Number of protein chains: 4
Amino acid sequence: MHSRTPASRPGRPRSAAADAAILAATREALVELGWSKLTLQDVATRAGVAKTTLYRRWAGKNELVVDAVAELFDELRLPDRGSLAADIEGVVLQFAALLDRPECRSGLMAVVAESTRDDLLRERIRGSIVERQKRLVLEGRARATERGELPPEPEDEEEAARTVDLTFDVVAGAVVHRTLVSGKPADEAWVRSFVRVLLLGLAAPS
Amino acid sequence: MHSRTPASRPGRPRSAAADAAILAATREALVELGWSKLTLQDVATRAGVAKTTLYRRWAGKNELVVDAVAELFDELRLPDRGSLAADIEGVVLQFAALLDRPECRSGLMAVVAESTRDDLLRERIRGSIVERQKRLVLEGRARATERGELPPEPEDEEEAARTVDLTFDVVAGAVVHRTLVSGKPADEAWVRSFVRVLLLGLAAPS
Amino acid sequence: MHSRTPASRPGRPRSAAADAAILAATREALVELGWSKLTLQDVATRAGVAKTTLYRRWAGKNELVVDAVAELFDELRLPDRGSLAADIEGVVLQFAALLDRPECRSGLMAVVAESTRDDLLRERIRGSIVERQKRLVLEGRARATERGELPPEPEDEEEAARTVDLTFDVVAGAVVHRTLVSGKPADEAWVRSFVRVLLLGLAAPS
Amino acid sequence: MHSRTPASRPGRPRSAAADAAILAATREALVELGWSKLTLQDVATRAGVAKTTLYRRWAGKNELVVDAVAELFDELRLPDRGSLAADIEGVVLQFAALLDRPECRSGLMAVVAESTRDDLLRERIRGSIVERQKRLVLEGRARATERGELPPEPEDEEEAARTVDLTFDVVAGAVVHRTLVSGKPADEAWVRSFVRVLLLGLAAPS
DNA sequence: GAGTAAACGAGACGGTACGTCGGGTCTTATG
DNA sequence: CATAAGACCCGACGTACCGTCTCGTTTACTC
């Protein structure tokens, strides 16, 4: 294993404070300017840092924004509200609130768009954002299985993973589409309808 | 009603051929370069047109790409395969194929990202792309209701519209998320699983 | 000889009023905008004329401005003030006043500058402006010779022409340089000093 | 006195070589293209420099060309040929040769034309070109006075300055007009005639 | 506590695209 | 035919941002 903490390399160490300041400044700039008008010089200035310092740590705008946005998603929590439906409603509302924050709206879609032509960037997004948050699905599923609300997990691990992926794509996709494409709020009423369809299907009697 | 066909305005009329050539050139450039490296000068050159001609018709890159991509979505058709599930599978596969085309991948997410800070652009996207394709949901729903696969539409018109919106967000969102965010193919197996969840719910016995 | 008055050519005849309006509009625009910011579209609009009409009559900006400025020089008159010195002073003051008008300042030097790379333009300037005004030198010289202020003209015609040219270059050049390059007014005091040098030479006792 | 050499300002210092390369490239482009077809991008490319570097140092085409042309004038020298007439003839011939160089012809008149509407530019021209070269008049005058060819300088300083200015306007103006407006060469014969008039006046017996 | 090596702030630099503007040509319908 | 209107192609404009570089300075660790 290569030295992760290189036993203090020679020379002046990188400022730890700078990283945090830069990410915060990036989010601040995203709020005020949005992705396309955000400039790295502006971020550097807001962070009280030189542009070179910024380039020493991130390869470019995309990578920086991925990291800045990724931190936001770690705030998500799966509440225990007693039933699967209520639990999902809770986390979906949090997710909707997150997507309502301008730094998230502007940044997330932009890097996803860039990632369609940049495989490294896609992997970075998947690693930093998508896969990290599948923990929520896993946790909810486990809790629901325990409660008897869902059938036991299939023994086939791949099959189980596919179900998690599908669930995540449906939930995340629906909320993102509602919020950013349709441009309507994912409010409590909508979330209730959505979770109903998710659990019971479209064909269920209303 | 104001004159829609202004009985020949003075001066040389705009070239009708130019519009089509520009939109085609835009898609071509999206395929080769992707959104972020696409330049209007390049599009103009491909279309055999001056840059000014392009700016006379569209306000900028965003508006141009929306129109170029919107045309693609009109190719979608709802096949009649005998059952609701099969119909949805059919159209979802078409949608997935569309999102697999580079001109669509690069362009669509980018303009959605821009639209988070530009209300006019969002409306343009909604009008040109989203609302236009809800026809597919309406048609599928009507056909399924006729077949007895879905309960009759609610009498409340707003309620009905909400259901259509929700269905569209779930379907479009899931496919987009699978394809562009998770970066995995929306192949037949995945579509079958997805439609099963959509119609019967997550809790359904497998 | 080709038909100068074409006995009514077929089709609509050219508007005679347009020419005058365009030249006047050109001078007006020169006053307000100067050479470099003057646009042909603007001139056309001021003249109440379409741009095509303008291009049908002049090859471009340079030719148009030469004609517009040339008209101004025809106002110059050689006054009879009784002595050669006084006559020259009179015409030089007129010339200075002309060069003080913005339409002249801006236009004249600009076309001269262009003419350094465009032989047709130089000939046009010479024909329309320079040679036309040598009449003043000829007239003044004749009058002075008659008065006995100058020796009789040399019999050699070329020699005589050379003297006229030299005189014109010295007078016109000095005034232009004073006014446009040195940027100081060619007022009465300066003109008096200048004419003294011109007639008596630098070495003359003051 | 404020720091002229600011003890090394922060940041990368400006490339000294770039300035010279740009001015040389400007003259080269003036020769090949002339003022009106000269583009800053082309100059930058010739100089092996980015367009931005050029704009960082000069406000625009006018300022750049003034500096590029001004350097040429510093080559002028007043030869000592033994008499005032011969000295003037010598420097006038140099001046004529200078005005025969395409980079000078195109550039000089163009910036003078622009300066009629731009006071800062006029001052720049005066400072960089006109006033600098009055040294030649001063030197010639001093030498001639010493030789007894000219009466001693007036004690009134303003009066003396006025004479210098007048001489400069007459000499420079005549040569410029002969060369650029009349479009004929200021060759030895012409220069001899001119200097004769300058020193002895028009009325002198030939 | 001097030496070394890297991080750092500042800003110049080579590029590239932007959106605008003017020149000059053309294509309409109208006079 | 000439004209008014305006679209069209072309190319330069001046600006902005990118990502790299080159300075002088600062801050640790090492010998």
Side-chain angles (χ1 to χ4, degrees), chain A residues 7-16 18 36-42 44-45 47-61, chain B residues 7-15 18 36-42 44-45 47-61, chain C residues 6 8-15 18 36-45 47-62, chain D residues 7-16 18 36-42 44-45 47-61:
Chain A
S8 72
R9 291 180 302 173
R12 177 174 172 179
R14 288 195 181 166
S15 158
S36 61
K37 302 200 172 169
L38 173 151
T39 70
L40 294 197
Q41 179 61 75
D42 182 67
T45 305
V49 141
K51 204 168 44 151
T52 35
T53 299
L54 207 147
Y55 275 104
R56 209 171 286 120
R57 291 162 156 84
W58 287 276
K61 201 166 156 174
Chain B
S8 73
R9 291 180 305 171
R12 177 175 173 177
R14 289 198 179 164
S15 160
S36 61
K37 299 197 174 170
L38 175 152
T39 67
L40 294 196
Q41 178 61 76
D42 182 68
T45 304
V49 143
K51 200 168 47 152
T52 39
T53 298
L54 209 149
Y55 275 105
R56 208 173 287 119
R57 291 164 156 84
W58 286 277
K61 203 165 154 174
Chain C
S8 73
R9 288 180 302 174
R12 178 170 171 179
R14 288 196 180 167
S15 160
S36 61
K37 300 198 174 170
L38 172 150
T39 70
L40 295 195
Q41 179 60 74
D42 182 66
V43 170
T45 304
V49 140
K51 205 168 42 152
T52 34
T53 299
L54 208 148
Y55 273 104
R56 209 171 286 118
R57 292 164 158 84
W58 287 275
K61 200 166 157 175
N62 292 328
Chain D
S8 74
R9 292 179 304 170
R12 177 173 172 176
R14 290 197 179 167
S15 160
S36 61
K37 299 197 176 171
L38 175 152
T39 66
L40 296 196
Q41 177 62 76
D42 182 68
T45 305
V49 143
K51 199 168 45 151
T52 39
T53 297
L54 210 147
Y55 277 105
R56 207 173 287 120
R57 290 164 157 84
W58 288 276
K61 203 165 153 173

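All chains are named by letter (A, B, ...) in the order of the sequence lines, taking the proteins before the strands, and each is independently numbered beginning at 1. Just so it is clear, the model here is predicted, and its values are computed rather than measured. Because only heavy atoms are used, hydrogens play no part in the values below, and waters and symmetry mates are left out as well, while side chains stay in.
- Comparing atom distances between the A50(B) side chain and each of dC8(F), dG9(E), dC9(F) picks out dC9(F) as nearest.
- Going from atom OG1 of T52(B) over to atom CZ of R57(B) covers 10.0 Å, rounded to the nearest 0.5 Å.
- Listed nucleotides dA4(F), dC17(F), dT15(F) differ in distance to T39(A); the shortest reach to its side chain belongs to dC17(F).
- Across all their heavy atoms, A18(A) and S15(A) have their closest contact at N-OG, 3.1 Å.
- K61(D) contributes atom NZ, which lies 7.5 Å from atom OG1 of T39(D) (distance to the nearest 0.5 angstrom).
- Residues R57(A) and G60(C) each lie close to DNA chain E; by heavy-atom proximity, the contact nearer the 5' end of the strand is made by R57(A).
- Rounded to a whole Å, the CG atom of N62(C) is 11 Å from the P atom of dG23(E).
- Put simply, CD on Q41(A) is 12 Å from C1' on dA12(E), counting in whole angstrom units.
- Here dT3(F) is the nucleotide among dC23(F), dC13(F), dT3(F) with the atom lying nearest to any side-chain atom of R56(C).
- Following rounding to the nearest Å, D42(A) (CG) and dG11(E) (P) show an atom-to-atom distance of 16 Å.
- Taking atom CZ on R12(D) and atom C1' on dC23(F), their separation rounds to 9 Å, with Å as the unit.
- The listed nucleotides are dC18(F), dT20(E), dC8(F); the one nearest the side chain of R14(B) is dC8(F).
- Closest to the side chain of T52(A), from the set dC26(E), dG11(E), dC21(E), is dG11(E).
- Put simply, NZ on K61(D) is 15 Å from P on dT15(F), counting in whole angstrom units.
- Comparing G48(C) and P13(D) along DNA chain F, the residue whose closest nucleotide (by nearest heavy atom) sits nearer the 5' end is G48(C).
- Closest approach of A50(B) and A44(B) over heavy atoms only: C-CB, 4.0 Å.
- As a whole-Å value, the separation of L54(A) CG from dA10(E) C1' is 15 Å.
- One atom, NZ of K37(A), and another, P of dA17(E), lie 20 Å apart when rounded to the nearest Å.
- Ranking dC8(F), dC13(F), dG24(E) by closeness to the L40(C) side chain, first place goes to dG24(E).
- Set against dT22(F), dG14(E), dG19(F), the side chain of T53(D) has dG14(E) as its closest nucleotide.
- Here the closest non-hydrogen pair linking V49(D) and L54(D) is CG1-N, 4.5 Å.
- Nearest-nucleotide positions on DNA chain F place S15(B) closer to the 5' end than the other of Y55(A) and S15(B).
- If you take CZ of R9(B) and P of dA7(F), they are 6 Å apart, rounded to a whole angstrom.
- Closest to the side chain of K51(D), from the set dA5(F), dT15(F), dC21(F), is dT15(F).
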